[in-house]
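Below: one structure, written as structure tokens.
We count ligands from 1, going down the list as the structure has it; atoms in each ligand are counted the same way. Not measured: the values here are computed from a predicted model.
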Amino acid sequence: MSLSTPCIIGNWKMNGLRADGLALAQGLAERRRERPDLRGTLAVCPPATLLAAVAAACAGSGVDVGGQDCHEEAKGAFTGSLSAPMLADAGGSFVLVGHSERRQGPGVYETSELIAGKVTAALAAGLAVVLCVGESEAEWMAGRTVERIETQLDEDLARDGRLLEGLAPERLVVAYEPLWAIGTGRTPAPDDIARSHAAIRARLAAAVPGGESVPILYGGSAKPDNAASIMAVENVDGLLVGGASLDGAGFWSMFEQAPRP
Ligand code: PGA
């Protein structure tokens, strides 16, 4: 499947037990059903334990459901892991890959090679991919943001110098998430977001046939009161929202605020 723009995705991370997760999903599904006129994608990534139930609650509402990560193999002896076909089977239509909390979170370290494997596996399972890229605080301070995100795109979307199999612009979304902005309440200045998104747009256009049409989301401390100003920045096609996506009314207002030219 593909994700249309504007595209607002909530990443619940490791939050949500059955009762509150389902209430959140049902509330969003209800609002979305009442406003089919609002163009774009509203989606959530619940924890894996809730994926099937949330997908069932959102079925037919227009709210899409995705996974937060997938394994690079389709099946096998990988205790505790989830494959892309499992996410699709549970009702997921896309998956986040390369989130910084997995690239370099406590106890995990995902290389670009592994991430490229996950992108390939997700595409093979028919899922769309939301690939997360972004610089660390040290890289930002050193003025190496663009260099960092270009390297990530080059390495995450290719293997042995060749574009990943099955990679098509309509199956890909890129989320720019500066690590220092995630969960901190800090966001880059609009000019900085514009510079990063322009660099991503140019790299995608050069590397992927038709890549100039790939939606590019901003993520990192996006919330209802900064959503409109971030989405007004050139080349920002939507938001990947962590903490603020756990509040249904606030998250919905971010979708409502998305510009629809
Ligand atoms: P945040 O997280 O909105 O809580 O900063 C964003 C993300 O990690 O996707």
Answer yes or no on whether Arg195 is positioned over the face of Tyr176, meaning its NZ or CZ is under 6.0 Å from the six-membered ring centre and within 45° of the axis.
no
min-distance protein heavy atom vs atom 2 (O) of ligand 1 -> Lys13 NZ, 3.2 Å
Under a 4.0 Å threshold between the charged nitrogen and the carboxylate oxygen, would Glu212 count as salt-bridged to Arg201?
no
I'd like to know whether ligand 1 has Ser221 as a neighbour, heavy-atom separation below 4.0 Å.
yes
Proximity of Asn11 to ligand 1 by residue part, where a heavy atom lies under 4.0 Å
side chain
Carboxylate-amine/guanidinium contact Glu110 Arg103, below 4.0 Å:
no
Should Gly242 be counted as touching ligand 1, given the test is an N or O pair under 3.5 Å?
yes
Looking just at side-chain N and O atoms, do Ser4 and Thr41 make a donor-acceptor pair shorter than 3.5 Å?
yes
Output yes when Glu137 and Arg186 qualify as a salt bridge under the 4.0 Å nitrogen-oxygen rule, no when they do not.
yes
Can you tell me if CZ on Arg18 sees more than 12 non-hydrogen neighbours from other groups inside 6.0 Å?
no
I'd like to know if His99 contacts ligand 1, where contact means a heavy-atom distance under 4.0 Å to any ligand atom.
yes
Tell me whether Gly183 has any N or O atom under 3.5 angstrom from an N or O of ligand 1.
yes
Can you tell me if CG on Asp37 sees more than 12 non-hydrogen neighbours from other groups inside 6.0 Å?
yes
Taking only heavy atoms of Glu177 into account, list the atoms of ligand 1 that are under 4.0 Å away from them.
6 (C), 7 (C), 8 (O), 9 (O)
For ligand 1, which atoms, with element, lie under 4.0 Å from some heavy atom of Gly243?
1 (P), 3 (O), 4 (O)
With heavy-atom distances below 4.0 Å as the criterion, list the atoms of ligand 1 near Leu240.
9 (O)
